[in-house]
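Beneath this line is the structure, given in structure tokens, with notes to follow.
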Amino acid sequence: MEKYKVGIIGATGMVGQRFVTLMENHPWFQLTAVAASPRSSGKRYEDAVANRWAMDTPIPVEFKDLVLLSAQDDVDKITSMVDFVFSAVDMKKDEIKALEEDYARHECPVVSNNSAHRWTPDVPMVIPEVNPEHIEVIKTQRQRLGTKHGFIAVKSNCSIQSYVPALSPLRQFGIEKVLVCTYQAISGAGRTFATWPEMVDNLIPYIGGEEEKSEQEPLKVWGHIENGVIVNAEGTSITAQCLRVPVSNGHTAAAFVTFKHTPTMKQMKEAWARFKGRAQELNLPTAPKQFLHYFEEPDRPQAKLDRDLEKGMAVSIGRLRPDAQYDYKFVSLSHNTLRGAAGGGVELAELLCAEGYIEHK
């Protein structure tokens with residue numbers, strides 16, 4: 001098949017670097033443009049990131065010589081070179097919103113890792129296995145933007161990827177209340193232990209804005225389209241506590257759940273084992289074959305052992321047991337820079353291509 005030409009804006013940051021690694025040997029996508037801040041413009045990609053490359057694997061050889069463009073100043077040039085862009089820019093929220101809309105109005109689809117447009121009512125916030133039908137709202141968004149091809153689609157916050165996939169197949173039993181505590185890796189802040197030595201042997205019980213996102217974003221993901229906008233799901237209340245922990249990669253969640261129609265533990269495990277989404281039906285290149293994995297061992301999942309399951313795109317669950325105040329509690333884990341960030345963005349782009357929303361120019 002003819003590959004889609006891809007650009008990455010914000011290519012030098014940690015999420016941007018992850019996007020770059022995921023483009024290496026991708027069967028559908030060919031990276032043809034990289035962009036960052038104006039101060040990096042004109043530099044070879046390798047030269048721009050050499051001293052701050054944060055990935056475990058080296059910079060892909062085929063992308064070392066790509067010359068960085070300015071994400072803000074070279075919109076015309078970038079959009080002429082690509083079929084769509086991934087957005088991982090690090091700017092103020094209002095600036096990101098304006099920039100992503102600029103790309104969309106240049107008839108360039110934008111698949112964003114940023115939070116800026118997550119609450120724009122006609123912008124879908126998609127976990128491909130959970131709410132793929134939300135991409136249908138793009139038709140309304142295009143009318144607002146005045147575009148034929150351009151649009152913005154976003155992926156959700158990395159923290160909710162650790163527990164929303166586990167909760168989603170249980171919604172058939174009527175989820176009423178959720179208490180969740182997330183234990184989030186330092187890469188979620190774009191840092192490593194080398195750049196954040198204060199995190200060694202430490203725990204910080206605060207991540208700005210994270211608890212609000214963790215409580216509200218699942219309701220949009222579980223919502224429905226009505227009159228051209230996405231309306232939040234009702235009937236479920238979520239309270240969250242988010243902590244930064246000394247782990248390189250992998251967000252872990254401890255979830256406590258009360259149901260309207262309480263299932264048995266067997267029914268919950270069966271629901272997890274059976275759960276498949278549109279991503280699996282379409283056999284998307286990045287989609288895990290088995291999305292949710294349950295571990296019977298009492299000490300699993302563990303970030304170090306399980307975050308890379310199915311190339312970091314699966315979600316691991318364990319320690320399901322009855323709770324004294326809620327019906328049940330369990331622990332779940334996802335790789336925050338793969339499933340939770342760039343990998344989730346790549347899978348979303350694959351979904352949009354497979355469903356005809358992104359086309360070759």
Side-chain angles (χ1 to χ4, degrees), residues 2-92 95-96 98-100 102-104 106-114 155 186-196 248-249 285-286 311-312 336-338 341-346 349-350 358 360-361:
E2 179 188 357
K3 287 192 174 185
Y4 296 87
K5 295 176 181 177
V6 180
I8 300 172
I9 58 173
T12 56
M14 183 174 279
V15 174
Q17 291 177 23
R18 181 67 79 180
F19 272 123
V20 169
T21 64
L22 293 175
M23 291 300 96
E24 185 178 24
N25 301 319
H26 192 284
W28 291 11
F29 302 151
Q30 178 61 49
L31 180 60
T32 58
V34 288
S37 65
R39 65 179 179 273
S40 297
S41 181
K43 295 180 180 179
R44 290 174 62 251
Y45 185 72
E46 181 182 29
D47 295 336
V49 300
N51 295 325
R52 52 193 178 111
W53 184 254
M55 300 295 103
D56 295 330
T57 55
I59 303 168
V61 174
E62 62 181 306
F63 306 139
K64 287 183 177 182
D65 290 330
L66 287 176
V67 177
L68 280 158
L69 300 168
S70 168
Q72 296 162 272
D73 302 329
D74 295 324
V75 177
D76 287 338
K77 184 174 183 179
I78 294 165
T79 55
S80 71
M81 297 169 63
V82 302
D83 296 315
F84 72 94
V85 296
F86 291 114
S87 175
V89 292
D90 183 13
M91 299 160 59
K92 294 178 181 177
E95 294 174 346
I96 294 172
L99 184 66
E100 291 181 348
D102 193 13
Y103 276 83
H106 275 73
E107 297 293 0
C108 180
V110 178
V111 179
S112 180
N113 184 72
N114 297 301
K155 53 154 292 300
I186 62 173
S187 56
R191 309 287 284 277
T192 65
F193 287 115
T195 61
W196 202 1
S248 59
N249 292 299
T286 301
K311 298 182 179 179
N336 56 295
T337 70
L338 287 168
V346 173
E350 293 167 355
I358 295 176
H360 296 286
K361 286 185 176 174

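Of all non-hydrogen atoms in Ala104 and Val110, the two that sit nearest each other are N-CG2, 4.1 Å. The two residues Ala35 and Ser70 make their nearest non-hydrogen contact at CB-C, 4.2 Å. Minimum interatomic distance between Ala189 and Trp196 (heavy atoms only, all atoms of both residues): CB-CZ3, 3.8 Å. Considering all non-hydrogen atoms of both residues, Asn114 and Ser87 come closest at ND2-OG, 2.9 Å. Closest of all the heavy-atom pairs between Val34 and Ala11 is CB-CB, 3.9 Å.
Here CG of Asn249 is found 6.5 Å from CG of Asp56. Values are rounded to the nearest 0.5 Å. Rounding to the nearest 0.5 Å places CD of Glu46 at 4.5 Å from NZ of Lys64. From Asn113, atom CG reaches atom CD1 of Ile96 across 10.0 Å, with rounding to the nearest 0.5 Å. Remark: Ile8 CD1 to Leu68 CG distance equals 10.5 Å, nearest 0.5 Å. Taken from CD1 in Ile9 to CD in Gln72, the straight-line distance is 9.5 Å, to the nearest 0.5 Å. Here the CZ-OH distance, from Phe63 to Tyr45, works out to 10.0 Å after rounding to the nearest 0.5 Å.
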- Task: Start with the C-alpha gap between Glu95 and Glu100, add the side-chain angles, then the distance that decides, and say whether side chain to side chain contact (heavy atoms under 4.5 Å, CB included) holds.
- Result: CA-CA 9 Å; Glu95 294 174 346; Glu100 291 181 348; over 6 Å; no

- Task: Begin with the C-alpha distance, continue with both residues' side-chain angles, and end with the deciding distance and a verdict on side chain to side chain contact (heavy atoms under 4.5 Å, CB included) for Arg18 and Leu22.
- Result: CA-CA 6 Å; Arg18 181 67 79 180; Leu22 293 175; 4.2 Å; yes

- Message: If you apply the rule side chain to side chain contact (heavy atoms under 4.5 Å, CB included), what do you find for Thr32 with Leu66, and how did you get there?
- Response: CA-CA 8 Å; Thr32 58; Leu66 287 176; over 6 Å; no

- Task: I would like to know whether Met14 and Arg191 meet side chain to side chain contact (heavy atoms under 4.5 Å, CB included); could you show each step before the answer?
- Result: CA-CA 8 Å; Met14 183 174 279; Arg191 309 287 284 277; 5.7 Å; no

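Counting only heavy atoms from C-beta outward, the side chains of Asp73 and Ser41 never approach each other to under 4.5 Å. Counting heavy atoms from C-beta on, the side chains of Thr286 and His26 come closer than 4.5 Å. Contact of the Leu31 side chain with the Phe19 side chain is not registered, since no non-hydrogen atoms from C-beta on lie closer than 4.5 Å. Contact check for Phe86 versus Val6: side-chain heavy atoms found under the 4.5 Å cut-off. Using a 4.5 Å cut-off on side-chain heavy atoms (C-beta onward), Met23 and Val346 make contact. Within the 4.5 Å cutoff, the side chain of Arg52 has heavy atoms near those of the Thr12 side chain. Using a 4.5 Å cut-off on side-chain heavy atoms (C-beta onward), Asn336 and Ser187 make contact. Using a 4.5 Å heavy-atom threshold, the side chains of Leu99 and Met91 count as touching.
For Asp83 (side chain) and Lys5 (main-chain N/O), a donor-acceptor pair under 3.5 Å exists by modelled atom type. Looking only at distances, a side-chain donor or acceptor of Gln17 sits under 3.5 Å from a matching main-chain atom of Ala54. Of the possible donor and acceptor atoms, one in the side chain of Lys361 sits under 3.5 Å from a partner among the backbone N and O of Val82. Side-chain N or O atoms of His106 include none that pairs as donor or acceptor with a backbone N or O of Cys108 at under 3.5 Å. Distance alone, capped at 3.5 Å, is enough to place a donor-acceptor pair between the His360 side chain and the Glu2 backbone.
Salt bridge present: Arg44 and Asp65 bring a charged side-chain N and a carboxylate O closer than 4.0 Å. In summary, Lys77 and Asp74 do not engage in a salt bridge, as defined by a charged side-chain N under 4.0 Å from a carboxylate O.
Phe29 and Phe84 have their aromatic ring centers within a separation under 6.0 angstrom.
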